[in-house]
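Down below is the structure, laid out as C-alpha cells.
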Number of protein chains: 2
Amino acid sequence: MTEQDPATPPRRARRVDARRNEQRLLDAAATVFATSGVDAPIRTIAAEAGVGLGTIYRHFPTRTELVVAVYGHQVEACVDVGQRLLAEAASATSAASPFDALLVWVDRFVDFVITKHGLADALGSDDAGFQRLHAYFLDRLVPVCAELLAAAERSGQITPGVDAYELMRGIGNLCVGHETDARYDPRHMIGLLVRGLRVSGTGSPAPSSANP
Amino acid sequence: MTEQDPATPPRRARRVDARRNEQRLLDAAATVFATSGVDAPIRTIAAEAGVGLGTIYRHFPTRTELVVAVYGHQVEACVDVGQRLLAEAASATSAASPFDALLVWVDRFVDFVITKHGLADALGSDDAGFQRLHAYFLDRLVPVCAELLAAAERSGQITPGVDAYELMRGIGNLCVGHETDARYDPRHMIGLLVRGLRVSGTGSPAPSSANP
DNA sequence: GACAATCCGGAACGCGGTTCCGTATCGTTT
DNA sequence: AAACGATACGGAACCGCGTTCCGGATTGTC
C-alpha cells in the first residue's frame with residue numbers, strides 16, 4: 001500500500017545521517033543564499049552546514065536543485081496566490097478586474113524575485129544549470145500567468161497575443177540590478193511594461209464586458 | 001605647439017611594438033567577442049592576438065576597457081543617430097513625431113546590444129568591472145535618450161516623469177537571454193515597454209500640441 | 001557481531017582571472 | 001655604432017571556485 005512502483009523494489013530506507021545532512025544543507029543554503037545570494041560558493045554552503053563537498057554534491061548535484069529545494073515552496077505559494085486572484089476576479093461579486101488581478105500577481109512575483117539576492121541574475125544567466133532553474137520556476141509560474149493574461153484578455157482589458165513565458169521572462173530580466181544600482185528601480189519599468197499590455201486607443205476597460 | 005600639458009613633460013613617445021600590440025589586441029578582441037561573446041577568457045584573446053597575458057593586462061587593465069575600446073565607436077554612432085533623429089523630429093517639415101524618433105532610436109539601440117554576444121548580460125552583471133562598462137555606455141547614451149524622451153513628452157505623446165537612465169537600463173535588461181532562449185524575443189517585451197510610455201487615456205497624440 | 005549497502009570527507013584536477021618579474025626590445029645619447 | 005636606461009613583453013605562478021573521485025566511516029540488516 002505504502003509501497004512504490006512494482007518495478008522499484010524498496011531495497012532499503014534512506015539512512016538517518018543522509019536525511020540529517022540534507023536538512024542541514026537546506027538550512028545552510030537558506031542562510032547563505034540570503035546573505036550572499038544564490039551565487040555563493042559551494043564551499044561556503046558546505047562549511048555552513050558542516051559537511052564535506054562530496055556530501056553537498058551527492059544531495060544536490062547542481063546548484064539549481066539546491067535553489068529549487070530552498071525556494072520551491074515560495075514558488076508554490078506564488079502559484080496559489082495567482083489561482084486565488086483568478087478565482088476572485090472571476091467571481092461575480094468581485095470589484096477587482098482580471099487586469100487588477102494581473103497587476104497584483106505581478107507585484108507578488110516581483111517581491112519574490114527581488115528579495116532573493118541575485119535570483120534575477122541567475123535566471124537570466126546563460127549558464128546551463130540555471131537554465132534548468134529557470135525552467136523549473138517558469139513551468140510552475142507560466143501557466144498561472146497565462147491564465148491571468150487570458151482572463152484579462154477575455155475582458156478586453158489587454159491587447160491579445162502576449163506570450164506568458166516572454167512576459168515572465170521579461171519581468172524577471174527587469175529585476176536585474178536592483179540591488180547594485182541605487183538609480184534603478186525595477187518596479188518603475190515593470191509598471192511601464194504592464195501598462196503596455198493594455199489595449200491601445202481606449203481608456204475605459206471593455207465595451208462588451210459587464211461592468212458595475 | 002604639438003606638446004602636451006606644461007605639467008606633462010613628454011618624456012618619450014610610445015614604443016612601436018606597444019602600438020602594434022594594442023592594435024593586434026583590438027583586432028583579436030573584436031574577433032573573439034564576436035565569436036564567443038564578451039565573456040571570452042582573457043587567454044583566448046591573448047592567444048588570438050599572439051601576445052602574452054601580461055601584455056593584454058598592461059594595455060587593458062580591465063575587461064571593461066577592452067570592450068569599450070572595441071565597441072566605443074558603435075556607441076558613438078548610436079549617439080549620432082539619436083541626435084539626427086532629434087533634429088529631424090524637430091524640423092517643421094518632418095512627418096515623424098518625437099515618439100516615432102524614440103521608437104526608431106530604441107530599435108537601433110537594441111540592434112547594438114543584441115548583436116554583441118553577451119553584452120546585455122555583461123551590462124546587467126553585478127560585477128564591479130562591468131558596472132563601469134555599464135556606466136560608460138550609459139554616460140554616452142542616457143543624455144540622448146533623455147532628449148528624445150523630453151521631446152516626446154513636450155509633444156504630449158508620452159507620460160512625463162520617466163527616467164532615461166532607468167529606461168535604458170530596463171531595455172538593456174530585457175535583451176538578456178535573447179540568444180540562449182529561442183522562446184524569448186526581447187523586442188516583444190521592449191515593444192510593450194515602450195507602448196507603456198504613451199500617455200494613458202487618450203488614443204490621439206496631444207490635445208494642445210500643434211498637429212497637421 | 002558481522003557483513004554489505006550506503007554515505008561521508010576532503011584531496012585533487014581543471015579552468016579562468018590576476019600578479020609579478022626576469023628578459024627582450026626600443027629610443028636615445030655619446 | 002655602441003652602450004645604456006626606459007619601456008614593454010611573455011608566461012610562470014598563485015588564487016578562488018566548480019567538480020570529480022575514492023578510501024574509509026557509518027548505518028541497517030541478518
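Note on naming: letters A, B, ... go to the chains in the order of the sequence lines (proteins, then strands), and numbering restarts at 1 for each one.
For the pair Tyr57(A) OH and dC17(D) C1', the interatomic distance rounds to 8 Å; values are reported in whole Å. Between the P atom of dT26(D) and the CZ atom of Arg14(A) lies a distance of 19 Å, rounded to the nearest Å. Per the geometry, CZ belonging to Arg12(B) stands 6 Å off C1' belonging to dT28(C), to the nearest Å. Computed from coordinates, the Arg63(B) CZ to dG16(C) C1' distance equals 9 Å when rounded to whole Å.
Note on residues 79-89 of chain B: no pairs pass side chain to side chain donor-acceptor pair (under 3.5 Å), not counting sequence neighbours. Residue pairs meeting the salt bridge (charged side-chain N to carboxylate O under 4.0 Å, His left out) criterion with at least one partner in residues 44-60 of chain B, sequence neighbours excluded, are absent. Each side chain to side chain donor-acceptor pair (under 3.5 Å) pair with one or both residues in residues 25-35 of chain A, not counting sequence neighbours, appears once here: Gln23(A)-Asp27(A).
Here Asp111(B) pairs with Arg187(B) in a salt bridge; the nearest charged N to carboxylate O distance falls below 4.0 Å. Ion pairing of Arg183(A) with Glu166(B) is absent here, as no side-chain N (NZ or NE/NH1/NH2) approaches a carboxylate O to less than 4.0 Å.
Looking at Asp181(A), its side chain never comes within 3.5 Å of a backbone N or O of Gly177(A) through a donor-acceptor pair. Using modelled atom types, no side-chain atom of Asp107(B) and backbone atom of Val104(B) make a donor-acceptor pair closer than 3.5 Å.
The aromatic rings of Phe112(B) and Phe109(B) sit tilted relative to each other, their planes meeting at an angle between 30° and 60°.
Nearest nucleotide to the side chain of Val16(A), out of dC7(C), dG18(D), dG28(D): dG28(D). Of the candidate nucleotides dT27(D), dG18(D), dT18(C), dT27(D) has the atom lying nearest to any side-chain atom of Asp17(A). Checked against dT27(D), dT25(C), dC8(C), the side chain of His59(A) finds its nearest nucleotide in dC8(C).
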What N/O pairs connect the protein and nucleotides 23-25 of chain D at under 3.5 Å? Give each pair on its own line.
none

Pull out every protein N or O sitting under 3.5 Å from an N or O of nucleotides 11-14 of chain D, one pair per line with the distance.
residue	atom	partner	partner atom	Å
dG11(D)	N7	Leu53(B)	N	3.2
dG11(D)	N7	Gly54(B)	N	3.4
dG11(D)	O6	Gly54(B)	N	2.9

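Near DNA chain C, defined here as any heavy-atom distance below 4.0 Å, the residues from residues 18-34 of chain A are Ala18(A), Asn21(A), listed numerically.
Annotation: side chain of Phe33(A) is not in contact with side chain of Leu119(A) (no heavy-atom distance under 4.5 Å).
For the pair Lys116(B) and Tyr71(B), the cation sits on the ring face: its NZ or CZ lies under 6.0 Å from the ring centre, inside 45° of the axis.
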